[in-house]
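Comments concern the structure below.
What's counted below: heavy atoms across the whole structure, side chains too, no hydrogens, waters or symmetry copies. Source: prediction; values computed, not measured.
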Amino acid sequence: MTNTFQSRSSGGRRPGGGKGKGKGKGGARTVALRRGGPIEREPVGLPSVLTVGDLAQKLQATPVEVIGELIRLGMMVNINAQIDFDTAQRVASALNWETFEEESAEVVAAEKDFEDRLLEAEMDPESVTRPPVVTIMGHVDHGKTKLLDSIRSANVAEGEAGGITQHIGAYQVETHGRKVTFLDTPGHEAFTAMRARGAQATDVAVLVVAADDGVMPTTREAVAHIRSAKVPLVVAVNKIDLPSANPERVKQQLSEIEVMPEEWGGDVPFVEVSAREKLGLDDLLDVILLVADVHELKANPRKVATGVVIEAKVDPKRGAVATVLVQGGTLNLKDVVVAGTTWGRIKAMFDDRGRKLRRAEPSTPVEILGLIDVPEAGDPFVVFEDEKEARDLAEARSQQKRAEKLGKGAIRLVDMSNQIQAGTAAELKVILKADVSGSLGAISNALLKLNEEVPDGVRLSITLAGAGGILESDVNLASATGSVIIGFNVRPDVAAKRAAEAQGVDIKFYNIIYNLIDEVKAAMTGLLAPIFQDVTDGYAEVRETFKLPGGDVVAGCYVQDGKIARSSKVRLLRSGTVMWEGSVKSLKRFKDDVREVAMGYECGLGLDGTNDLQVGDALEFYHREEVART
């Protein structure tokens with residue numbers, strides 16, 4: 001009996017006694033029982049990500065034992081599967097090992113050096129004035145691109161305009177002997193991507209609003225992005241050359257969303273321009289420089305370079321190509337840089353006109369070649385003198401990123417509730433989307449009134465409020481600002497759903513205002529205890545409709561994501577708005593009744609309780625799961 005107990009306690013078939021391979025920190029020795037008697041074990045060091053096979057070797061166990069423990073945790077894996085440190089720690093504990101997360105001293109020192117240099121660049125007392133960096137945002141048809149093109153062509157030296165052959169996502173112009181850098185990126189998508197990684201590349205945001213069209217939903221969204229980033233705002237009222245132009249109406253509409261013109265006692269400069277006729281461009285540049293002077297933008301060009309990645313891609317001929325903005329110091333050819341999870345030595349450097357450069361000073365955008373992989377927009381970069389130090393740091397970051405993907409957590413309302421209860425969260429940020437503007441106004445007012453009812457120190461702020469379905473851009477904004485998305489009678493599309501899952505953003509759905517208000521209030525008072533949640537099984541699109549002899553309507557559908565099941569609940573969505581909820585009446589593949597249909601297949605579908613099906617409708621299939629009270 002004793003031998004049997006000892007054998008099971010020690011894992012049975014593990015090779016004989018021996019110590020763990022860790023460095024001996026992170027806890028006391030563990031006593032393990034063996035047939036030969038108890039032995040002492042040092043805690044074993046594990047990396048942030050490792051394979052099942054590597055874990056078995058470190059724990060002196062067989063892969064079968066490790067896989068068995070993982071199966072008990074609900075994970076079906078093979079010997080080459082990667083797991084994160086938290087999972088490995090649970091397996092090790094089950095096999096009587098204590099663990100600690102090992103970190104290379106060199107990598108820790110390199111990471112600290114990286115952070116210190118970024119901090120030094122911001123606080124350097126030897127800094128001198130640098131050019132402002134400007135991002136242009138606004139509605140898609142209001143002339144952002146045309147305005148950028150007009151500014152660029154009007155400020156390029158004579159004879160050079162025809163030589164502009166290269167687009168690198170950013171460029172510099174010169175006016176009155178001073179330079180201004182423009183980020184020519186896809187609007188607020190890139191702006192948000194950078195902010196999601198902690199980058200603040202923009203000094204001034206220019207909001208373009210068409211004088212004949214006025215404020216659009218995308219305009220309000222851009223204002224929300226600019227406000228949440230706390231970036232100075234300049235409004236460019238475009239298309240003033242049109243007979244239907246009404247700049248005063250634009251000012252009135254923007255003042256309603258608290259963008260108040262200077263001439264009305266506010267703090268936002270408004271400049272009337274025409275990108276097509278090239279009117280007011282010099283006035284706009286003058287205002288940008290004035291705003292820059294007020295904020296005293298400075299950097300030290302005499303240090304090694306730091307900055308941020310604007311955009312990156314893989315070129316079939318040149319390999320990894322990154323457009324970077326130098327924010328401090330001077331970037332030189334042959335410098336070794338670390339950007340996010342990649343590194344490399346700069347082999348070539350080009351400006352926005354395709355000219356080769358050997359050096360780039362602060363606020364200069366350049367395209368660089370030589371990185372071993374493609375970084376992400378918003379990744380900060382720093383120059384290293386030691387190539388090995390740069391490589392080790394990049395590899396450690398890459399491993400850490402894999403670990404974060406394996407164990408990514410969500411921004412959830414219940415988490416906010418727990419944080420508020422623990423005193424670690426002071427603000428609940430909300431992105432509110434509703435089916436109609438009337439509901440939107442009522443819910444917004446009711447939510448903001450909660451600030452008067454909840455304990456002091458806890459506040460709710462609305463990052464963005466808009467009518468219509470939940471979009472991928474809403475999820476990106478939520479990820480960047482740490483907001484929870486609340487939908488009233490609306491649902492996300494497929495792209496938004498995938499983005500929310502990938503980025504760990506919580507989307508809460510309601511169809512009764514009182515339930516919405518009560519649950520948010522519960523979260524703000526730290527008392528939220530969810531009972532059920534909807535789990536989406538799949539999405540299908542209605543491609544065709546057919547009327548049966550009995551009067552019922554069935555739909556020919558294509559499954560876009562996940563799978564759809566006969567037993568699932570279903571929502572009928574039209575332009576993101578919930579039109580009906582219920583159950584499936586019939587589900588067929590060709591003439592056969594089926595229980596489920598997978599992604600990529602077509603099927604015939606009847607709904608139990610409605611015949612209001614139209615081509616282009618989306619169908620969301622889901623089931624409900626009970627959630628343990630927190």
Side-chain angles (χ1 to χ4, degrees), residues 134-148 151 182-193 195 202 204-242 244-264 266-276 280 284 287-288 291 431-434 436-437 440-441 444 461-478 480-481 483 485 490 575-576:
V134 181
T135 295
I136 300 216
M137 302 170 71
H139 186 62
V140 65
D141 294 323
H142 283 192
K144 299 192 305 292
T145 304
K146 183 64 178 175
L147 180 61
L148 283 164
I151 292 173
F182 286 91
L183 302 186
D184 187 6
T185 53
H188 55 256
E189 289 85 353
F191 190 83
T192 309
R195 289 199 51 239
T202 303
V204 182
V206 174
L207 179 69
V208 178
V209 186
D212 63 330
D213 207 6
V215 172
M216 304 296 285
T218 319
T219 313
R220 293 188 177 90
E221 191 173 327
V223 170
H225 282 269
I226 295 166
R227 275 188 182 148
S228 62
K230 296 181 173 59
V231 173
L233 172 62
V234 174
V235 175
V237 184
N238 192 24
K239 303 185 181 181
I240 60 165
D241 56 303
L242 298 179
S244 56
N246 189 348
E248 293 303 312
R249 183 169 70 99
V250 171
K251 294 176 184 177
Q252 179 62 43
Q253 290 176 329
L254 284 172
S255 68
E256 291 171 2
I257 57 173
E258 300 179 18
V259 178
M260 194 65 67
E262 283 182 335
E263 62 220 68
W264 290 9
D267 58 355
V268 179
F270 277 60
V271 184
E272 296 181 7
V273 300
S274 169
R276 187 174 64 176
L284 178 60
V287 169
I288 290 171
V291 171
I431 291 177
L432 178 63
K433 300 300 290 283
V436 293
S437 57
L440 193 69
S444 297
S461 65
I462 298 177
T463 307
L464 173 68
I470 297 167
L471 307 176
E472 187 177 8
S473 59
D474 298 323
V475 176
N476 292 337
L477 178 58
T481 58
S483 302
I485 298 177
V490 294
S575 299

**Asked** Can you tell if the side chain of L477 reaches within under 4.5 Å of the side chain of S483, non-hydrogen atoms only?
**Response**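 Side-chain contact under 4.5 Å: no.
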- Message: With a 4.5 Å cut-off on side-chain heavy atoms, are L284 and I151 touching?
- Response: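 Yes - at least one pair of side-chain heavy atoms lies under 4.5 Å apart.
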V273/N238 under side-chain contact (heavy atoms from CB on, under 4.5 Å): CA gap, chis, key distance, verdict: CA-CA 5 Å; V273 300; N238 192 24; 3.8 Å; yes
- request: For D213, check side chain to side chain donor-acceptor pair (under 3.5 Å) against everything at least two apart and list the hits.
  value: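 Per chain and number, D213 pairs via side chain to side chain donor-acceptor pair (under 3.5 Å) with H142.
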Quick one: closest heavy-atom pair of [X] and [Y], and the distance?
| X | Y | answer |
| --- | --- | --- |
| D474 | G469 | OD2-O, 3.9 Å |
| E272 | P247 | OE2-CB, 3.5 Å |
| G138 | A222 | N-CB, 4.3 Å |
| G280 | V271 | O-CG1, 4.1 Å |
| V490 | G468 | CG1-O, 3.6 Å |
| W264 | E248 | CZ2-OE1, 3.8 Å |

### Donor-acceptor contact below 3.5 Å, side chain Q253 vs main chain V215
yes
In sequence, state the C-alpha distance, the side-chain angles, and the governing distance for K251 and V235, and then conclude on side-chain contact (heavy atoms from CB on, under 4.5 Å). CA-CA 9 Å; K251 294 176 184 177; V235 175; over 6 Å; no
Practice task
Could you give me the CA-CA distance, side-chain angles and deciding distance for V259 and L207, then say whether side-chain contact (heavy atoms from CB on, under 4.5 Å) is met?
Solution key: CA-CA 11 Å; V259 178; L207 179 69; 5.5 Å; no
Distance from [X] atom [atom1] to [Y] atom [atom2], nearest 0.5 Å?
| X | Y | atom1 | atom2 | value |
| --- | --- | --- | --- | --- |
| R220 | L254 | CZ | CG | 9.0 Å |
| H225 | N476 | NE2 | CG | 8.0 Å |
| I431 | T463 | CD1 | OG1 | 5.5 Å |
| F182 | L148 | CZ | CG | 7.0 Å |
| M137 | T202 | CE | OG1 | 8.0 Å |
| L432 | I470 | CG | CD1 | 9.5 Å |

task = Kindly determine whether V223 and E258 satisfy side-chain contact (heavy atoms from CB on, under 4.5 Å), including the steps that lead there.
result = CA-CA 10 Å; V223 170; E258 300 179 18; over 6 Å; no
